[in-house]
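All values derive from a computational prediction rather than experimental measurement. Numbers here are sequence positions counted from 1. Every heavy atom of this structure was used, including side-chain atoms; hydrogens, water molecules and symmetry mates were not.
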Amino acid sequence: MFRVVLKRFLDKWKSYRHRFVPWVVLNLSRNEKTLRQVTERSKDKLILDEEVSLSLLKLFKVLLRSHGANHGELQAAATHFLRQVTSEEESVEEYGGNTLSGHDAMLKSLGFCIARQPSTLPFAGTGVFVTKGFVPIGTTVAMYPGTVYQAYEPILLQSIRNPFVFRCIDGVLIDGNDKGISKMVFKSCSGRDRIGPFTMSDTSWLTATPQNPLAVGQYVNNCSNEWPANVCYQEYDVPDNFPIELYQYLPNVNYSRDTQRPLRCVVLVSLRDITAGEELFSNYYTIVH
């Protein structure tokens with residue numbers, strides 16, 4: 001009986017440790033290659049925020065045309081918006097008016113697909129793979145979903161046994177856990193922020209089939225000496241001019257409605273070209289000189 005319990009505990013720990021911050025910190029000295037080093041905080045971003053916005057808009061436009069315009073109460077707003085953002089070179093029939101799955105929309109708009117699959121790392125549990133297409137260097141390849149907490153907001157209960165809490169450079173926290181109290185908090189905050197017919201965040205990442213296929217970044221495992229990083233985290237504040245019609249695809253929501261700062265999102269950007277079949281590995285830590 002004791003051996004069975006011990007074996008279960010060890011198997012659980014071997015999976016959990018890849019996202020357990022103290023364990024990663026203690027093992028940094030043995031995995032110096034996993035550290036990403038930059039000269040100053042302002043140079044931490046691999047690509048400009050404008051490039052991140054362009055990638056998100058490109059995908060979200062396809063999702064909106066495929067799904068949003070088919071929702072009765074959103075049809076007029078979606079049609080008006082698409083007429084504004086669609087260039088003259090793009091015909092109305094470009095996307096065929098057919099309902100696309102999130103992965104089909106991703107492949108059509110970005111040229112690649114990612115999905116959750118069992119990790120190649122022993123005991124690491126779930127990982128994220130490029131399943132189709134090709135990811136060029138400097139591409140927004142995934143998003144880290146979750147509830148956004150400012151440095152002064154409480155997250156004690158949500159953080160217990162939670163390996164999915166991401167800490168930004170300025171102390172902002174993103175809880176990317178899709179289960180338990182974290183799931184309930186996100187759904188509650190998302191329902192609170194609805195504006196008329198428009199939802200201001202995407203709750204489908206809490207399910208096995210997120211409508212925004214980028215929203216699986218919390219399952220990207222940390223790199224190792226044997227498996228070097230091919231993506232890195234980059235903080236992205238949603239700009240004021242981001243179309244309200246497209247907020248429904250953002251997998252983040254502020255914990256407090258009174259937050260004065262722009263909505264914080266974290267994206268993962270490719271450090272090199274990535275081909276189909278490769279697993280994504282990230283840098284959990286950035287050393288600033």
Ser53 vs Tyr236, side chain to side chain donor-acceptor pair (under 3.5 Å): CA-CA, chis, key distance, verdict: CA-CA 9 Å; Ser53 293; Tyr236 166 74; 2.6 Å; yes
Indicate the atoms forming the closest heavy-atom contact of [X] with [Y], along with that distance.
X      : Y      : value
Pro228 : Cys223 : C-CB, 3.8 Å
Ala229 : Asn283 : CB-OD1, 2.8 Å
Ala105 : Val62  : CB-CG1, 3.7 Å
Thr275 : Val130 : O-CB, 3.8 Å
Asn212 : Pro251 : ND2-CD, 3.9 Å

Check against ring-ring contact (aromatic ring centres under 6.0 Å, His included), Phe112 and Phe134: CA-CA 5 Å; Phe112 63 89; Phe134 173 76; 9.2 Å; no
Test log, rule ring-ring contact (aromatic ring centres under 6.0 Å, His included), inputs Tyr247 and Phe242: CA-CA 8 Å; Tyr247 267 79; Phe242 198 86; 5.6 Å; yes
Main-chain N/O of Ala124 paired with Ser119 side-chain donor or acceptor, under 3.5 Å: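 No, Ser119 side chain to Ala124 backbone: no donor-acceptor pair under 3.5 Å.
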Any donor-acceptor N/O pair, Asn230 side chain to Glu279 backbone, under 3.5 Å: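 The answer is yes, because a donor-acceptor pair under 3.5 Å joins these two groups.
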Pair Asp104-Lys132, salt bridge (Lys or Arg N to Asp or Glu O under 4.0 Å): steps then yes or no: CA-CA 10 Å; Asp104 288 340; Lys132 293 180 182 179; 5.1 Å; no
Between Gln150 and Ser256: side-chain donor-acceptor atoms closer than 3.5 Å: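 No donor-acceptor contact under 3.5 Å links the two side chains.
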Ring geometry between Tyr144 and Tyr233 (parallel below 30°, tilted from 30 to 60°, perpendicular above 60°):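 Taking Tyr144 first and then Tyr233, their aromatic rings stand perpendicular (interplane angle over 60°).
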Are [X] and [Y] close enough for a salt bridge, meaning some N to O gap below 4.0 Å?
X      : Y      : value
Lys183 : Asp175 : no
Glu278 : Arg272 : yes
Asp49  : Lys45  : yes

Side chain to side chain donor-acceptor pair (under 3.5 Å) partners of residues 195-207, not counting sequence neighbours, each pair once: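 Pairs touching residues 195-207 that pass the test: Ser190-Ser201, Asp202-Ser204, Asp202-Gln211.
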Partner residues of Asp193 under the salt bridge (charged side-chain N to carboxylate O under 4.0 Å, His left out) criterion, sequence neighbours left out: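 Per chain and number, Asp193 pairs via salt bridge (charged side-chain N to carboxylate O under 4.0 Å, His left out) with no residue.
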In one Ile/Leu/Val/Met/Phe/Trp/Tyr side-chain cluster, 4.5 Å: Ile174, Val253: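 In one cluster with Ile174: Val253, no.
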Partner set under side-chain contact (heavy atoms from CB on, under 4.5 Å) for Ile160, not counting sequence neighbours: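 With neighbours one apart ignored, the set is Leu157.
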Pairwise distance OH(Tyr149) to CD1(Ile155) - rounded to 0.5 angstrom: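 Taking OH in Tyr149 and CD1 in Ile155, the distance rounds to 5.0 Å.
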